[in-house]
Protein chains: 2
Amino acid sequence: MADERRPTTRTLASEAYDLIQEEIRTGRYRPGERLRFATLQALCVMSVTPVREALARLTAEGFTTLDDHRGYSVAVLSIEELRDLTANRKLLEGEALRLSVEHGDADWEGRLVAAHHMLARIPQARDDIPSALRVEWEDKHRAFHATLISGCGSPILIELCGKLFSRADRYRRMSASLTGGRDVVGEHRAIFDAALARDAPAAADLLRQHYQQTADALERFFVEPS
Amino acid sequence: MADERRPTTRTLASEAYDLIQEEIRTGRYRPGERLRFATLQALCVMSVTPVREALARLTAEGFTTLDDHRGYSVAVLSIEELRDLTANRKLLEGEALRLSVEHGDADWEGRLVAAHHMLARIPQARDDIPSALRVEWEDKHRAFHATLISGCGSPILIELCGKLFSRADRYRRMSASLTGGRDVVGEHRAIFDAALARDAPAAADLLRQHYQQTADALERFFVEPS
DNA sequence: TCGCCCCGGATTTTCGAAAATCCACGAATA
DNA sequence: TATTCGTGGATTTTCGAAAATCCGGGGCGA
């Protein structure tokens, strides 16, 4: 008697969260930009309440900041934060991968093989390739890294790594060309091989190098934006 | 012309956050208990909107959980989470303290001496001591641990450690007697001494032991609640 | 001229009620 | 008897507007 619309099973707040996060991650809302409720209500098509809840969640994840009585803004990006982010991702994901390789069972191995295959079969995103492929690659990339650490046995560690990954995403997308002349595919393959070979220290080391190189490339882009 | 009440500079949502967190940490709201808005609105004296925002923040910090259309509940406690929490605190705070000891400047040293002094001068909380002292000790305890890692130079790491500390707080308070027959004051002093002596590995090790022993004591209490 | 206070518009924050959704209970059917 | 299907009430979620707050500019006094 009360469903003249869609079979909504999600809340509007969740939809607003996805929408706004997408706008921020893709850079349509610039770092530091003030987020006014009127604008956001126009973007999503809803009242202020769910938008407010979405912003509360985004703030908890570090995408936005809140000053009392002054509203929300897009969190600013800085080289300092990029370095800090990288250092902590190396610490957390390095440890998580080590645990995964040590404790991961057969099911984890299977999922890892699948995730790597999905990532490897997609041609590396280039500037001249339409964004559809790009988005797909991003998804598989995220899934691969998530699968890598999914066997570590620590829900908290997995959650923390996920949040840091999301925060780093904004920096990653800043650079138009994801690869800075390096062999990203090869790096992923090396990590994958070490993990399957159950060489925990090597896998962790490779992952840390991988993140450091990504950060270095981004930092170069940061200083001299070509 | 419009301040017949208090000089409110904070938002009601922030007040609600503090109030509800206090209720949860002290155990007045039990783990797993459903949190109904009607009840919370009675506790805080405000409308549903700020309460909702407070719950959103609490959920981000792990105090509560949210199921769409089924509302919020107090997050449950479990031995598994205690162990997970402990493992990650050892990893994160251990590293943070190591960095602090290595990079901390004179200002950090000064703050650390002060924080330890404040903690040490308060008599160790016992069951027969009124809760006022207890609360004060908790505050100084938190401040001491926060100061320990405050020189690490990584805002992200500090933030993560803070969140884990808060989550662990609920477990710590479960046990009526904070000390399980061990020398907590001595443990703090040992960490303090190693930090001041600039022995980073030793300080980190002692801190990790400290957390492990706390967790072990709590786990014993968990299994056989006397 | 400079600094301080106060006002008006823009924006956030909060309210109280309406709408949507879930849950438990009981009736009807096989 | 077991299972499915509504139905009513409790609860969450959302709305639209009112209240509170902040920011910038103009006027007043030193």
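Residue numbers begin at 1 in each chain, while the letters A, B, ... track the order of the sequences.
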query = Roughly how many Å is it from CD in A:Glu53 to C1' in C:dT13, rounded to a whole number?
reply = 15 Å
task = Would you please confirm or rule out a distance under 4.0 Å between OP1 or OP2 of D:dC23 and any side-chain N or O of A:Arg70?
result = yes
query = CZ of B:Arg36 versus P of D:dG9: gap in Å, rounded?
reply = 18 Å
task = Select one nucleotide: of C:dC15, D:dT13, D:dC15, the one nearest the side-chain heavy atoms of B:Tyr72.
result = D:dT13
ask   = Which sits closer to the 5' end of DNA chain C, B:Met46 or B:Arg34, going by the nucleotide each is nearest to?
value = B:Met46
query = In whole angstroms, how far is the P atom of D:dT11 from the CG atom of B:Asp68?
reply = 19 Å
key: Residue among A:Arg142, A:Arg25, A:Glu61 satisfying side chain to side chain donor-acceptor pair (under 3.5 Å) with A:Ser166   = A:Arg142
ask   = What is the ring orientation for B:His141 with B:His188, classed by angle as parallel under 30°, tilted 30 to 60°, or perpendicular over 60°?
value = tilted
inquiry  = Please report the distance, rounded to the nearest Å, between CG in B:Leu66 and C1' in D:dT11.
reply    = 13 Å
query = Taking the side chain of B:Val48 as its heavy atoms from C-beta onward, which of C:dC22, D:dT14, C:dC15 lies nearest to it?
reply = D:dT14
request  = Return the value, rounded to whole Å, for the distance between atom CD of B:Gln41 and atom P of D:dT11.
outcome  = 12 Å
message = What is the separation between atom CG on A:Asp67 and atom P on D:dA20, rounded to the nearest whole Å?
response = 22 Å
query = Within 45 degrees of the axis of the six-membered ring of B:Phe165 and under 6.0 Å from its centre: does B:Arg172 put its NZ or CZ there?
reply = yes
task = Starting at atom CG of A:Leu35, determine the distance to atom P of C:dT11, rounded to an integer number of angstrom.
result = 13 Å
remark   = Quick note, A:Arg52 side chain, CB onward, closest among C:dT13, C:dG16, D:dC15 is C:dT13
ask   = When we call it a touch if two heavy atoms are under 4.0 Å apart, what does B:Leu55 touch: a base, just sugar-phosphate, or nothing?
value = nothing
note = Among D:dC15, C:dT13, D:dT13, the one nearest any side-chain atom of B:Phe37 is D:dT13
ask   = On the ring face of A:Tyr29, is A:Arg34 found with NZ or CZ under 6.0 Å from the centre and within 45° of the axis?
value = no
inquiry  = If the threshold is 4.0 Å, N to carboxylate O, is there a salt bridge linking B:Arg98 and B:Glu102?
reply    = yes
Residue B:His69, side-chain atoms from C-beta onward, closest of C:dT21, D:dT14, C:dT14 = C:dT21
message = Does B:Ala38 reach a base, just sugar-phosphate, or nothing at all? Heavy atoms under 4.0 Å.
response = nothing
